[in-house]
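Please read the structure below before turning to the comments.
Keep in mind that the numbers below use all heavy atoms, side chains included, and drop hydrogens, waters and symmetry copies. Every chain is numbered from 1, with letters handed out A, B, ... down the list of sequences.
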Amino acid sequence: MAGGPPKALPSTGPHSLRDMPHPLAGSSSEEAVGGDSTPSPDLLMARSFGDKDLILPNGGTPAGTSSPASSSSLLNRLQLDDDIDGETRDLFVVVDDPKKHVCTMETYITYRITTKSTRVEFDLPEYSVRRRYQDFDWLRSKLEESQPTHLIPPLPEKFVVKGVVDRFSEEFVETRRKALDKFLKRITDHPVLSFNEHFNIFLTAKDLNIYKKQGIALLTRMGESVKHVTGGYKLRTRPLEFAAIGDYLDTFALKLGTIDRIAQRIIKEEIEYLVELREYGPVYSTWSALEGELAEPLEGVSACIGNCSTALEELTDDMTEDFLPVLREYILYSDSMKSVLKKRDQVQAEYEAKLEAVALRKEDRPKVPADVEKCQDRMECFNADLKADMERWQNNKRQDFRQLLMGMADKNIQYYEKCLMAWESIIPLLQEKQEAK
Amino acid sequence: MEQATPDPERQLQPAPLEPLGRSDAGLGVTVDEEAERAREEGSGGDTMTHNNFWLKKIEISVSEAEKRTGRNAMNMQETYTAYLIETRSVEHTDGQSVLTDSLWRRYSEFELLRNYLLVYYPHIVVPPLPEKRAEFVWHKLSADNMDPDFVERRRIGLENFLLRIASHPILCRDKIFYLFLTQEGNWKETVNETGFQLKADSRLKALNATFRVKNPDKRFTDLKHYSDELQSVISHLLRVRARVADRLYGVYKVHGNYGRVFSEWSAIEKEMGDGLQSAGHHMDVYASSIDDILEDEEHYADQLKEYLFYAEALRAVCRKHELMQYDLEIAAQDLASKKQQCEELATGTVRTFSLKGMTTKLFGQETPEQREARIKVLEEQINEGEQQLKSKNLEGREFVKNAWADIERFKEQKNRDLKEALISYAVMQISMCKKGIQVWTNAKECFSKM
C-alpha cells in the first residue's frame, strides 16, 4: 500500500480514527495484491458466480449505489430493538448476501456487511465490505483482548459436529448469517464495544488481512494492564454480588442445556412421526382405488394427511433453523461470561494480595504505594464494567427469550392452523351425498 | 350345501321381529320400511304367538363385563370374562322399556353362535366378532386380554355384533339367536343338537385351497378379489395408524419436560419467572391431552377393524359360492360320464377306459344278462343324478339371488358406516388441532408477559 502501514498508536478508551490516515484514503493504485495470502474477498467478488456487486478498487462501495442493499431496504431489514437507554441510534449494521467462493486452495462463504453511521469515527456515511467467518473470529478475539472487562457476545460455533452437515447448504448458511448478524448487532448496541477500533476496522477496511498480518496492537489501557495480570493469585472469597452472578450463570446454563436437549428430542420425535405419516396418507389412496362411492372421501383423507405432513415438515425445519441455534448461542454466552468473572476474580485477588503485603510491611505511615492503587483502580473499573454489562445482558436476554419462545409458540400455532384448515375443508367432501349411480 | 332359503325350523315364524337399525348401546331404534310392510301384511293373522317375547321393538345391550373363574373341559382352573346381555322390549305406546331377559355369556358362546350362523346362512355376509386377541396395538395399549381397556372395547364390540344381527332382515329371525338372548342354561347343547358342525363343509377351512371352476361367476370372482384387497389395505392402514399413534404420543409427552424445566428456570429469574412458570403449566396440559385424543382414535380403529373382519365374511360367501359351483360342475361331469358309459354298454362300443372293460378283456366277456343289469343300475344312477343336478342348479340360482341381495345390502351399509367413520375421524382431528391452537396461544401469552 502506498504510504506504508499506519502507525500503531497507544490509546485510551474509545479511540478516534482521526489520528490515523484513513486506510481507504484515495489512492487509485491501491489494489490489494495479496501475495501469498488469500486475496481480499472484496476483489474476489468479481470472480464469484453471477455477482453483480462489483466492489470498486478504491474506497468501500457506498452502500447506496450497489443494487440490493439500497438504504431504504437496509433500514427495512434492520431489526430495530427497543433502545433501552433511550439514545437515538447512530450506527446500523446488517449482515446479508452470503456468497460462495471457490478457489484453488479452499472454498468458503463470505457475507456482506453494510454499515451506516453518522458517528465521527466513520469517515464515510456508509460502508459495504465482505467478510468470512474467520474474520469474525479475529474480531472477537481482538475484542476479548482489548476489552477484557466487558462481556463479548458469542459467535456461532465454528464447526458443527452433529451429523453430516453441509457447510454450504442454504439452511446452514442462513442460520449462520443470522447468528453473525446478531453478533454484530450486540456489539453495535454496546456503548463501549461499539467504539472499539477493531470493530471499526472490521466494518470499514477493504482488506482486513493487512491488519491481521501487521498485528496492530490497538489495545486500550485497560487491555494492556489486564493482559499483565498474572494468574498466580487466588481469590479467597468472591463478593456476594459476583458470587450471585456466578451461581445464576451456572444454573442458567444448566437449564438452557436441558431445554436444548428437550427441543432436540421433540424435533427427533416429530421427524419420526412425519415418517409414519408419509406412509399413512398414501394407504388411504390405495384403498380409494378399490372403492366406488368411498373413492372420493378416501382420496380426500389421503390428501389431507399429506398437507398435514408438509406442515409438520415446515415446523421441524423452522425449529431446527431458528430455535436451536439461539439456545446454543446463549449457552456459549454464559460460558464466556463465566470466564470474564474469573478474570475479575484474578484482578481482585492481585489487589488483595498486594494490599496484604503492604500491611505486613508495618510502616508507621502506611502510604498506599502507586501500584496497589493501580490495582484497586483496575478492580473497581472491572467491577463497574461487569455490573453494567451484566444488567444490559439481563435485559437483552429477557427480550431475546421472550421473542424466541413466542416464536416457538407461533410456529406451533401455525402448524395446527394449517392442519385445521386441511381437515375442515374435507368435511363437506365427506358429507356430500353421492349422485345416483 | 345347505338350503339357501330360510329353514322354517330355524326361523321363528309368525311374527317377524322388526329389524333394528344400527344404534348406540341400549337405545331403541327405528322401524325398517320393509318390516313395516311385512307386519301390516301379516297382521290380523297370527301376530300373537305362544311366544310373547316378540313385541314391536327390542333393545339389546351388553352392559357389563365380569371376571370369572371356573373349570374348563380338562378340569383345569381358568379365568375368563363373562358379559351381561340385557334385552328390553319397548312398549310402543308409552316408550317405556321393560327388561325382559338378562343373562351372562362368554366370548366362546358368541363364537359358537356365529359359527352356527355361518353354516345355516351361507349366502349372508355374517357380521364379525370383535377380535379374539388384541392386534394392531400401539405400545401404550396392552395386548393382554384381561386388560380393562381391552375388555371394555370388546364389550362394545360384542354389543355391536348382536345389534348387527338383530338389524339384519333375515338373521334377526333365527331361533338360535333368539335363544342366545333368552335361554341361559342349555343353550350350548341346543346349538350342538342342530348338528351344524357336521353340516359345515370342512373344505371351507382350507381357505386358500383352489378349486378349479370351469365357469366361474365373474361377479363373485371380482368380489372375492375385492375382499382380499380390502383386507390387505385395512390391515396395512391399521398397522401404520398404530405406529402413527405411538409417535404422536412421544411428541406430546416430551413437551411435558418443558413444564418442569421452565419451572426450575423461573426460580432463578426475577421478571421472567412468572411468565415461564405459567407457560410451563400449559406445556403440562398439552402433554397430558394426548391420552384422551388417542383413546378417541381407538374407536375409529375399531370401526375399521370391524370392516376388516367383515371383508373376511364377504370372502367366505364368495368361497361358498365357488365350492357350490365346483360341486355342481363335478356332479355334471359325473353325470355326463355315466351317460356315456351307459351308451357304450348299450351300443357295445368301448370308447372309454373302464376297469370292467379291462377285466372283461382279461377274463372274458360278460354275459348279456350281466350287461343288462349294469345298464339298469347306471340308468337309475343317471336318473338320480339328473334330479340331483336339477336341484343343485336350482339351489345355485337361489343362492346367487339371495347372496347378491345381501351383498348389495352389505355394500350400502359399508359405504354408510365407513363414511361416518371418516367424518368422525376428521372431527377428531379438528378437535385435536383446536386444542393445540388453544394451548400454544395460552403459552404464547405467558411468554409475552416474560
Note to self: Please check if the number of heavy atoms outside A:D317 that lie under 6.0 Å from its CG is greater than 12.
What the structure shows: yes
### Query
Got a sec: does the NZ of A:K342 have more than 12 other heavy atoms crowding it under 6.0 Å?
no
For this session: Might you confirm whether atom CD of A:E391 has over 12 heavy atoms from other residues, nucleotides or ligands at distances under 6.0 Å?
Result: no
Turns out that what part of A:A263 lies under 4.5 Å from chain B's heavy atoms comes down to both
If one checks every heavy atom of A:Q394 against chain B at 4.5 Å, the contacting part turns out to be side chain
dist A:I259:CD1 -> B:E264:CD (nearest 0.5 Å) comes out at 9.5 Å
Tightest non-hydrogen contact, residues B:K444 and A:A409, listed as CB-CB, 3.6 Å
Check your understanding: Should the pair B:R243-A:E279 be classified as a salt bridge under the 4.0 Å nitrogen-to-oxygen rule?
Key -> yes
Q) Salt bridge check: are B:E269 and A:K397 linked by an N-O gap of less than 4.0 Å? A) yes
In this structure, CG of B:L422 is separated from CD of A:Q431 (nearest 0.5 Å) by 11.5 Å
Derivation and outcome, side-chain contact (heavy atoms from CB on, under 4.5 Å), residues B:D246 and A:Y273 | CA-CA 8 Å; B:D246 227 345; A:Y273 173 48; over 6 Å; no
**Q.** Residue A:E321 excluded, over 12 heavy atoms near CD under 6.0 Å
**A.** yes
query = Hey, is the main chain of B:M450 close enough, under 3.5 Å, to the side chain of A:R398 for a donor-acceptor pair?
reply = yes
Honestly, the part of A:L405 sitting under 4.5 Å from a heavy atom of chain B is both
_Would you say that more than 12 heavy atoms from the other residues, nucleotides or ligands in this model lie under 6.0 Å from the CZ of B:R219, or not?_
yes
**side-chain contact (heavy atoms from CB on, under 4.5 Å) assessment of B:W440 paired with A:M408** = CA-CA 9 Å; B:W440 282 104; A:M408 170 174 93; 3.9 Å; yes
Pair count under 4.5 Å, heavy atoms only, with chain B: among A:V301, A:D410, A:T286, A:T258, highest is A:D410
If you tally heavy-atom pairs under 4.5 Å between each of B:E229, B:H236, B:K449, B:R247 and chain A, the highest tally belongs to B:R247
Item to complete: Apply side-chain contact (heavy atoms from CB on, under 4.5 Å) to A:Y284 and B:V233, showing your working.
Response: CA-CA 8 Å; A:Y284 282 98; B:V233 87; over 6 Å; no
Bottom line for B:L238: the part with an atom under 4.5 Å from chain A's heavy atoms is neither
In this structure, CG of A:L294 is separated from CG of B:N415 (nearest 0.5 Å) by 4.0 Å
Taken to the nearest 0.5 Å, the spacing of A:C419 SG from B:M432 CE works out to 7.0 Å
Interatomic distance, CE@A:M406 vs SG@B:C446, rounded to 0.5 Å, equals 11.0 Å
Applying a strict 4.5 Å limit to non-hydrogen atoms, the region of B:L230 in contact with chain A is both
Requested in this report: State whether A:E291 and B:K414 are salt-bridged, where the test is any N-O pair (Lys NZ or Arg NE/NH1/NH2 against Asp/Glu carboxylate O) under 4.0 Å.
Outcome: yes
Minimal heavy-atom distance between B:C433 and A:L420, with the atoms involved, is SG-N, 3.7 Å
Rounded to the nearest 0.5 Å, the OH atom of A:Y416 sits from the CD1 atom of B:I437 at a distance of 9.0 Å
In terms of heavy-atom contacts, A:L430 and B:I423 come closest through CB-CG1, 3.5 Å
In short, A:P297 meets B:K419 closest at the heavy-atom pair CG-CE, 4.2 Å
If one checks every heavy atom of A:L254 against chain B at 4.5 Å, the contacting part turns out to be neither
Scored by heavy-atom pairs under 4.5 Å with chain B, the best of A:F401, A:Y415, A:W287 is A:W287
Scanning both residues in full, the closest heavy-atom pair of A:R402 with B:F447 reads CG-O, 3.2 Å
Turns out that what part of B:H255 lies under 4.5 Å from chain A's heavy atoms comes down to both
Heavy atoms of A:E424 and B:I430 approach each other most closely as CG-CD1, 3.6 Å
Practice task
Evaluate the side-chain contact (heavy atoms from CB on, under 4.5 Å) criterion for residues A:I427 and B:V427: first the C-alpha distance (whole Å), next the side-chain angles of each, then the deciding distance (0.1 Å), finally the verdict.
Solution key: CA-CA 8 Å; A:I427 294 272; B:V427 168; 4.1 Å; yes
